[in-house]
Amino acid sequence: MKIRKLDRKSIKIRLVTAFVVTSIIPILLVNIVYYYNTSKLVRHNAESMTRANLEQTKVSLDVWLDSYEDILFQVYTDDYIVELVDEINAGEDVANNRKKLRKTLRGLFYTKDYVKSIAIITESGELAFYDQLTASTTHTSWLDSMPLSQNELYEEINSDNKTHLFSTGKKVVFGSNSCYLFHIGHRIIDYRDVPKKCGIVVVSIDVKLLEEVCSVPTESGMNFIVDGSGYLVSCFNSDEVGKPIVSERAAEEEKKTAYRRIAEETGMLGNGELSIYSVYDEKTGWEIIRATNQDELVKGLHRQQKMLGFTILLSLLAVLLIMVSQVTRMIGSIKRVVETMRKAGKGDLAVRVKPDKIRPTEIEMIAEEFNSMMDKLKNSVEKQKNAEIAALEAQINPHFLYNTLDTINWMAIDKDEYEISNMIATLARILRYGISDSNGIVRIKDEVDWLKQYIFLQQMKLKNSFHCSINVEPEIMGLLIHKLLLQPFVENAILHGFEGVDRTHSLHMDMKREQDFIKIEIKDNGCGISPEIVQEMNAGIFRQTDDRNHIGMENAITRIRMYYGERAKVVVESQPGQGTSVQIWIPVIGGAKES
């Protein structure tokens, strides 16, 4: 009893363990995978948004620069300005013409915000400009902050018909006015003589424009711009604007380190780990960089994970309590059913499991099946005695039949009725062969010998009204075949095939081996079978007509297919009034059976 009690406890432990393994562990794994995927998705979305921000900044930068190029275009294509520049180059009234140019440039100056200077350098080297930072008419505020001299600047811009972009240089300081400038320039074009070199125009723009394009930094991220040579073009709250911060040929990781340093020095993004993203602007040749602080994102994910973990823990505890309660209840129900079964095992066939409304459905089904089984067992016990008596009678009857036939046989011999004696002896052999293991497997030789005895009796019965021949290859005599497989085909030919036929009746059977099959052909010259029934037999459709003369053949074909499966084949060919041929192919099974 102690062992059984321990077993019942182990079932409870196993069920709870199974619950832990199949529920708690998978839930924890799902939680981990969920957190990992969520983190990955959030980071991916953050990265996608960052890259979208960079692309938008790039588009805004190009749009703004296009709008400032319009001012440049108005200057270098203006016929009046071209005439004034030509006169200056020719040395005609230089001071007055320079004054006219300044006046014209002032008219264009306030069409756009952030324009700090518009200057024209003529082919003769004269400088005419309008500058917001200085009241001087002879010296600009920005030219000294350029790394190029006036002549170098002129030669570079005048070398082609493209707009030239110059990154931010040194900080421009004039009195209380100071700012960082970047510049765009173009050669002045006289459309009456395009190749003619007459001068260049340079528009200087406050870097605050670029800061506005990059947007105001927040705690989560900031944008800044670096040119192709590694100079910092624009960065909010940085003293390194206009200075080289990284080598032009630096590796990608080296650039990211430099960009991260610049972002950290601004003090705008806190002390968290910074991620660096960038996009290249083909129009300007500049790289737009975005530095983002991932700390808030990571902290948010951790908060979400803690909340999710706490919720799952509470849920699992509640489910575990419910599980233990249900398992305890189920074990109690099983215990009551097992106790009832134990009583039945001791011989009490009247015991039954009592109904229980709180018992789980599955255990209730077991109890009902047990009660039903006990009812059947009780009936079976009552019938067992009659079955045992019937079994004894079944054992006696064949023995009695063989003894009786043997007695009749000797009586026939005493009366010199040898023909009757042969028939009785043959009948006894036929019965003994058919009754003993009727579904067994025998040698072809044994089956053929039995068929010959059966045909002998039929010939005696029908007064030798038909002729029969059986031809079997000697090589297959030892091969195996199921008993009583061919008799129905022979019987059908004798009893139904010859009915109503006046000519001499003949029946032939040939057996031979064809590769891995035994081919058997049973052929008669009887009345034949109707085409409809032949078609049904070959299609495996039986008992579809009212003609029941061929039920033996139908049953035999069904047995062949049951024994040998799809490999076996039976083909019936018949012509009404001309006879029937049944061809059977059965696979060779095993080797030859020893005598």
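- By the ring pair (Phe, Tyr, Trp, His ring centres under 6.0 Å) test, Y564 pairs with H482, sequence neighbours left out.
- No side-chain heavy atom of S234 sits under 4.5 Å from any side-chain heavy atom of F224.
- Side-chain contact check for T50 and N53: no donor-acceptor pair (N or O, by modelled atom type) lies under 3.5 Å.
- Residues R513 and D516 come closest through the heavy atom pair NH2-OD1, 4.2 Å.
- Two residues are said to be in side-chain contact when any heavy atoms from C-beta on lie closer than 4.5 Å; I118 and V201 meet this criterion.
- The CG atom of D206 sits 12.0 Å away from atom OG of S117, with the distance rounded to the nearest 0.5 Å.
- Here the OH-CG distance, from Y180 to L210, works out to 13.5 Å after rounding to the nearest 0.5 Å.
- Counting only residues at least two apart or in different chains, salt bridge (Lys or Arg N to Asp or Glu O under 4.0 Å) contacts with residues 147-168 are absent.
- At least one side-chain heavy atom of L274 sits less than 4.5 Å from a side-chain heavy atom of E264.
- Side-chain contact check for W585 versus V571: some heavy-atom pair is nearer than 4.5 Å.
- For E126, the side-chain contact (heavy atoms from CB on, under 4.5 Å) partners at least two apart in sequence or on another chain are I88, V94, R98, T122, S124.
- With sequence neighbours excluded, no residue forms a salt bridge (charged side-chain N to carboxylate O under 4.0 Å, His left out) with E573.
- The heavy-atom pair separating G285 from Y280 by the smallest distance is CA-OH, 3.4 Å.
- Looking at residues two or more places apart in sequence or on another chain, you find no salt bridge (charged side-chain N to carboxylate O under 4.0 Å, His left out) involving R290.
- Taking the side chain as every heavy atom from C-beta outward, T104 and R106 never approach each other to under 4.5 Å.
- Not a single side-chain hydrogen bond (donor to acceptor under 3.5 Å, both in side chains) links T168 to another residue, sequence neighbours left out.
- Donor-acceptor pairing under 3.5 Å is lacking for the side chains of E211 and Y114.
- Sequence neighbours left out, the pairs with a member in residues 233-255 that pass salt bridge (Lys or Arg N to Asp or Glu O under 4.0 Å) are E240-R261.
- Counting all heavy atoms, side chain and backbone alike, I200 lies closest to L153 at CD1-O, 4.1 Å.
- Judged by distance alone, with hydrogens and angles left aside, the side-chain atoms of E287 form no donor-acceptor pair with the main-chain N or O of D281 at under 3.5 Å.
- Residues V207 and F182 have side chains in contact (heavy-atom distance under 4.5 Å, counting atoms from C-beta outward).
- Residues satisfying the ring pair (Phe, Tyr, Trp, His ring centres under 6.0 Å) test with F109, not counting sequence neighbours, are Y130.
- Considering all non-hydrogen atoms of both residues, N538 and V572 come closest at OD1-N, 2.8 Å.
- Between D190 and V194, the closest side-chain pair of non-hydrogen atoms is not below 4.5 Å.
- Looking at E123 and N158, their side chains come closer than 4.5 Å, going by heavy atoms from C-beta outward.
- By the side-chain contact (heavy atoms from CB on, under 4.5 Å) test, D93 is found to be paired with N96, N97, residues two or more places apart in sequence or in another chain being considered.
- Listed here is the closest heavy atom pair of C198 and N89: O-ND2, 2.8 Å.
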Enumerate, atom names and distances included, each donor-acceptor pair closer than 3.5 Å involving a side-chain atom of residues 71-83, sequence neighbours excluded.
from: T77; atom 1: OG1; to: F73; atom 2: O; distance (Å): 2.5
from: D78; atom 1: OD1; to: Y80; atom 2: N; distance (Å): 2.8
from: D78; atom 1: OD1; to: I81; atom 2: N; distance (Å): 3.0

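- Evaluation of the salt bridge (Lys or Arg N to Asp or Glu O under 4.0 Å) test over residues 44-68, restricted to residues two or more places apart or in two chains, returns E47-R51, K58-E282, D66-K283.
- The salt bridge (charged side-chain N to carboxylate O under 4.0 Å, His left out) check on D86 picks up K196, with sequence neighbours excluded.
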